[in-house]
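Keep in mind it's a predicted model, so treat the numbers as computed, not measured. Residue numbers start from 1 in every chain, and the chains themselves are labelled A, B, ... in the order their sequence lines are given, proteins ahead of strands.
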Amino acid sequence: GENVEQHPSTLSVQEGDSAVIKCTYSDSASNYFPWYKQELGKRPQLIIDIRSNVGEKKDQRIAVTLNKTAKHFSLHITETQPEDSAVYFCAARSGGSYIPTFGRGTSLIVHP
Amino acid sequence: EAGVAQSPRYKIIEKRQSVAFWCNPISGHATLYWYQQILGQGPKLLIQFQNNGVVDDSQLPKDRFSAERLKGVDSTLKIQPAKLEDSAVYLCASSLEEFSYEQYFGPGTRLTVT
């Protein structure tokens, strides 16, 4: 089955800095890569996703890049703000199963 | 549009007791998922329903966990008997159809087994 590794487990930045979270996956058939933000005690919410037919996608301060050859994808947050503080999960979804496998999460702390 | 509803939000039980969780997906969503999220980890899929049929339950510990979605709408997840390691947040999610990429999560039920 799919295996998703996520790094780092904790990321601390100053307000205004950029933050990058990286994930690798094992199943070359995976074709959909969502990112979720989970604030403390709240539900995971989809913030951005990318499909295997594109290499990069942006939405305001958030961007995701995908390298299918290397089987890794990354979340980039620019001009971080304290409200960006949360746990971020990457996931990979295989074209065969349509069931996402989640990474272990990255706790992002943005210091004002 | 109303989101995914779950109840209860919190539950504390002793080991070997039983517990049940309830989920009401977004109206019209055919696919329903139950996830287990242990503290510090990402959600792990337990079972996936398409309408009232099971699509995948390969990671459901069937000796103690059961789930049903009899009318293809609401779903219940039961644990009997509970173990200490079942302490986790149980998340329900739904999507429009089985091959729909986007999932919408409920607020979760935090279970503590003492």
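- In this view, A:S12 and A:H111 satisfy the side chain to side chain donor-acceptor pair (under 3.5 Å) rule, not counting sequence neighbours.
- Side-chain contact between A:V20 and A:K22 is present, with heavy atoms from C-beta onward closer than 4.5 Å.
- With contacts defined as side-chain heavy-atom distances shorter than 4.5 Å, the pair B:I79/B:Y90 qualifies.
- A distance-only check finds a donor-acceptor pair linking the side chain of B:Q6 to the backbone of B:C92 [under 3.5 Å].
- Ranked by non-hydrogen atom pairs under 4.5 Å with chain A, the options B:G108, B:P43, B:G106, B:A93 are led by B:P43.
- For the 3.5 Å distance criterion, the side chains of B:Y10 and B:T112 fail to qualify, holding no donor opposite an acceptor.
- A centroid separation of less than 6.0 Å is found between the aromatic rings of A:F33 and A:Y25.
- Close approach to chain B, defined as a heavy atom under 4.5 Å from one of its heavy atoms, is seen in no residue of residues 73-83 of chain A.
- Contact tally against chain B (heavy-atom pairs below 4.5 Å) for A:C90, A:P44, A:G103: the top residue is A:P44.
- For the pair A:D27 and A:K71, the salt-bridge criterion is not met [side-chain N within less than 4.0 Å of a carboxylate O].
- Within residues 34-41 of chain A, the residues having any heavy atom closer than 4.5 Å to a heavy atom of chain B are A:Y36, A:Q38, A:G41, listed by residue number.
- The stretch residues 64-84 of chain B participates, sequence neighbours left out, in these salt bridge (charged side-chain N to carboxylate O under 4.0 Å, His left out) pairs: B:R64-B:D86.
- Remark: the backbone N or O of B:G42 is not paired with any side-chain donor or acceptor of A:R104 at under 3.5 angstrom.
- B:D57 places no side-chain N or O within donor-acceptor distance of the main-chain N or O of B:L60, the cut-off being under 3.5 Å.
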